[in-house]
**Student:** 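First the structure, then my questions, so here it is.
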Amino acid sequence: MALLDSIDGPADLRTLRPDQLPQLAQEIRDFLITSVTRTGGHLGPNLGVVELTIALHRVFDSPRDAVVWDTGHQAYVHKLLTGRKDFDRLRTKGGLSGYPSRSESPHDVVENSHASTALSWADGIAKARRVQGERERHTVAVIGDGALTGGMAWEALNNIAADKDLPLVIVVNDNARSYAPTKGGLADHLATLRTKRGYESVLDFGKVALSRTPVVGGVMYDAVHGLKKGIKDVLSPQGMFEDLGLKYVGPVDGHQEQSIEHALRKAKAFGGPVIVHVITKKGKGYGLARANEADRFHAVDKINPETGLPLQVKGRIWTDEFSAAIVRVGERRPDVVAITAAMLIPVGLEEFARRFPDRVFDVGIAEQHALTMAAGLAYAGLHPVVCVYATFLNRAFDQLLMDCAMHRAGVTVVLDRAGVTGTDGASHNGMWDMTLTGLMPGVRVCAPRDAAELDRALDEAVGVSDGPTVIRFSKQNPPAPMPAVREVGAVDVLRDPEPGQGVDLLIVGVGEMAATALAVAEKLAGNGLGVQVADPRWCVPVSADLVSLAAGAKAVAVIEDNLVVGGVGSQVTQALREAGLTMPCQLHGIPKRFLGHASRGEVLEEIGLTPEAIADRITATMQA
């Protein structure tokens, strides 16, 4: 029987002999490569933490001891070692989540996929247990070097370091990457640590050697140990951590399980906050992943495990269209610069960076800094384009509001993965952005309905210098072109009723939901209703042209791939009421709840955002 088959929980893992662990590690890697290439998921990060995860569960007693992952996409091995081996439906409806999930296991503490939060979670858990007299229960935070570029991690470190007897172990999983290579001063510092022989190993060697020296050996060792700060500065310059007051252990080879165990046991016994610096290799054990310089197979679709090539051709997604559009803008506008938060390739800036390397700024996982830096760039005469996933804009709400909007900064924010994303679950659905940006004075928001409209919107956005502009699109392939039949000021009319029919219903389709709006219109028209469909293009703030168009309709419906509470529909309703228009206004959007992982189509069906479900609700309402 394979060793992995005998592991149903951490207690089983602790019964294995050390000489069996390399075989277990190989079995886990084989399992991951076979399973994740078949389902898609985060492959490279998990191949890199196999020995580290084994060591964690041999040294600590989860779930009595809390292990917090930052971020949770590196927790697949943790799932395997805590009894979850059914990866056949990974990231699909009813299957395992791609992140830790409390509903799956008591071993999962934080359902996190937003980086840099684990240290704050761990600080709170450790302090709560101390207050309750449970000092024997340990807390461990596993944080990647990429996540350490986030400001929240340093806020937590500042507090943890001040608490000298807090029983907290911080494991820095240092693979020199987040999605791509980690950038910045911290990355440079960690790189220096990686290249130096560990202080602890040198000191251990010195203790053994000096102890053999008659009479003076022990005295000499004590003297040398007293000079440890100076020795550490020379041999392993981890002073940044120790100057904060944190005990530092490492660097440790992250693929030597016994070395990691030794370091973790020392940290566990210390009694105060300790950083264990573990050097790992993303994609370890899978040659195709290691050879992929771009991201080491950070996240893969279904691929052929022998070639690494995708099993399905996705075609041009929205990100590809944006990538081409921003390059065209960059060619004619030397003042346009781009900012990414450690996501250069996923947000479509790779070609822009190749063409204009001095005009791209990768700030690391630091969305707050990105937005305020953008305000500074705009003040100094440039037009920055900040490219992030829609869900990550949440982290920079205050900066967009106070630094960009209040200062009327000419900043463009491009939101990829907006709306329902599906398989990555609640934390990755980009469903909040139009509600958040809709609160902000002076912010203009556009959701292009097709690829041609994205080109047009970006051209318009970078021409705005008196306030922020926001463009949002999904992770899907753009819909087929939807040309306007006519324009009413700033509004594109996509469908009019049949000649001689009045407008019983105006459907406002926001972004690519315009395609859904057209499908709904066809169903309702089949029942004899006169239906008009409009794309407001710049949907926030609501234009006077849309209000004028709505004035000719008996009822209005708004369809959006955003939170229905406070979304575009709410703003349209308010604009109509302020104009003295009292016709019914139906809102169709994402309900106010966290959505579980499933395909985008399955989620849309579950929440009733399909053409059939919307048409049925509209019909029922209009007949009532």
**Student:** Assess the side chains of Asp416 and Thr319: does a donor N or O sit below 3.5 Å from an acceptor N or O?
**Tutor:**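 Yes, because at least one side-chain N or O of Asp416 sits under 3.5 Å from a partner of the opposite role on Thr319.
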
**Student:** Is it the case that the ring center of Phe297 lies less than 6.0 angstrom away from the ring center of His42?
**Tutor:**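 Ring-ring flag for His42/Phe297: false, centres at least 6.0 Å apart.
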
**Student:** Would the distance check show the side chain of Glu453 and the main-chain N or O of Asp450 forming a donor-acceptor pair, the cut-off being under 3.5 Å?
**Tutor:**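 Here the side-chain-to-backbone pair does not exist.
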
**Student:** Flag the pair Glu512 / Ser474 as yes when at least one side-chain heavy-atom distance between them is below 4.5 Å, and no otherwise.
**Tutor:**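 Yes, close enough: below the 4.5 Å cut-off.
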
**Student:** State whether a side-chain donor-acceptor pair under 3.5 Å links Gln368 with Asp398.
**Tutor:**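 Absent: no donor and acceptor within the cut-off.
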
**Student:** May I have the step-by-step check of salt bridge (Lys or Arg N to Asp or Glu O under 4.0 Å) for Glu351 and Arg354, ending in yes or no?
**Tutor:** CA-CA 5 Å; Glu351 180 61 19; Arg354 188 186 71 79; 2.6 Å; yes

**Student:** Would you find more than 12 non-hydrogen atoms of other residues, nucleotides or ligands less than 6.0 Å from Glu111 atom CD?
**Tutor:**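 More than 12 within 6.0 Å, yes.
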
**Student:** Within the 3.5 Å criterion, strictly below it, is a donor on Asp70 or Ser116 matched to an acceptor on the partner's side chain?
**Tutor:**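 Looking only at side-chain atoms, Ser116 and Asp70 do not form any donor-acceptor pair under 3.5 Å.
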
**Student:** Looking at Arg333 and Asp335, does any basic side-chain N land under 4.0 Å from a carboxylate oxygen?
**Tutor:**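 Result for this pair is yes, salt bridge flagged.
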
**Student:** Evaluate the side-chain proximity of Ile590 to Leu595: yes if any heavy-atom separation is below 4.5 Å, no if none is.
**Tutor:**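 Touching, per the 4.5 Å side-chain cut-off.
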
**Student:** Could you give the side-chain donor-acceptor pairs of residues 407-415 under 3.5 Å, partners two or more places apart or in another chain?
**Tutor:**
residue : atom : partner : partner atom : Å
His407  : ND1  : Met402  : O            : 2.9
His407  : ND1  : Asp403  : O            : 3.3
Thr412  : OG1  : His383  : NE2          : 2.8
Thr412  : OG1  : Thr469  : OG1          : 2.8

**Student:** Please confirm whether the backbone N or O of Val565 pairs with a side-chain atom of Thr435, one donor and one acceptor, at under 3.5 Å?
**Tutor:**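 Flag set: sc Thr435 to bb Val565 pair under 3.5 Å.
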
**Student:** Salt bridge between Arg456 and Asp492, side-chain N to carboxylate O under 4.0 Å?
**Tutor:**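 Judged by the 4.0 Å cut-off on N to carboxylate O distance, Arg456 and Asp492 do form a salt bridge.
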
**Student:** Between Asn46 (side chain only) and Leu32 (backbone N and O only), is there a donor and an acceptor less than 3.5 Å apart?
**Tutor:**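 No, the answer is negative, given that no donor and acceptor are paired below the 3.5 Å cut-off.
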
**Student:** Check whether any side-chain heavy atom of Val172 lies under 4.5 Å from a side-chain heavy atom of Val276, and answer yes or no.
**Tutor:**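 No, too far: nothing below the 4.5 Å cut-off.
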
**Student:** Side chains of His255 and Lys284: any donor to acceptor distance under 3.5 Å?
**Tutor:**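 Their side chains do not contain a donor-acceptor pair, so the 3.5 Å distance test is not met.
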
**Student:** Checking salt bridge (charged side-chain N to carboxylate O under 4.0 Å, His left out) between Asp424 and each of Arg91, Arg417, Arg600, which is the one that passes?
**Tutor:**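 The option that passes is Arg91.
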
**Student:** How about Pro448 and Trp318: do any of their side-chain heavy atoms sit closer than 4.5 Å?
**Tutor:**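 Counting from C-beta outward, Pro448 and Trp318 do come under 4.5 Å.
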
**Student:** Minimum heavy-atom separation for Val491 to Leu546, with atom names?
**Tutor:**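 Taking every non-hydrogen atom into account, CG2-N, 3.6 Å.
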
**Student:** Does Phe392 have its ring centroid less than 6.0 Å away from the ring centroid of His428?
**Tutor:**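 Aromatic pair counts; centres sit under 6.0 Å.
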
**Student:** Check whether Arg359 reaches the backbone of Ala338 with its side chain - one donor and one acceptor, N or O, closer than 3.5 Å.
**Tutor:**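 Looks like no, no N/O pair under 3.5 Å.
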
**Student:** Determine whether the side chains of Thr391 and His114 contain a donor N or O and an acceptor N or O closer than 3.5 Å.
**Tutor:**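 Yes, a side-chain donor-acceptor pair sits under 3.5 Å.
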
**Student:** Establish, from distance only, whether the side-chain atoms of Tyr99 and His73 form a donor-acceptor pair under 3.5 Å.
**Tutor:**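 The criterion, which ignores hydrogens and geometry beyond distance, is not satisfied for His73 and Tyr99.
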
**Student:** Specify the closest pair of heavy atoms between Leu90 and Gly98, including all atoms of both residues, with the distance to one decimal.
**Tutor:**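 Heavy atoms of Leu90 and Gly98 come nearest at CD1-CA, 4.3 Å.
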
**Student:** Return yes if some donor-acceptor pair links the side-chain N/O of Arg29 with the main-chain N/O of Leu47 below 3.5 Å, else return no.
**Tutor:**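 Between the backbone of Leu47 and the side chain of Arg29 there is a qualifying donor-acceptor contact (under 3.5 Å).
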
**Student:** Sub-3.5 Å donor-acceptor pair from the side chain of Gln74 to the main-chain atoms of Val49, do we have one?
**Tutor:**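 No; judged by distance alone, with no hydrogens or angles, the pair does not exist.
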
**Student:** Sequence neighbours excluded and cut-off under 3.5 Å, please list the side-chain donor-acceptor pairs for residues 477-485, or say none.
**Tutor:**
residue : atom : partner : partner atom : Å
Asn477  : ND2  : Lys314  : O            : 2.6
Asn477  : ND2  : Arg316  : O            : 3.2

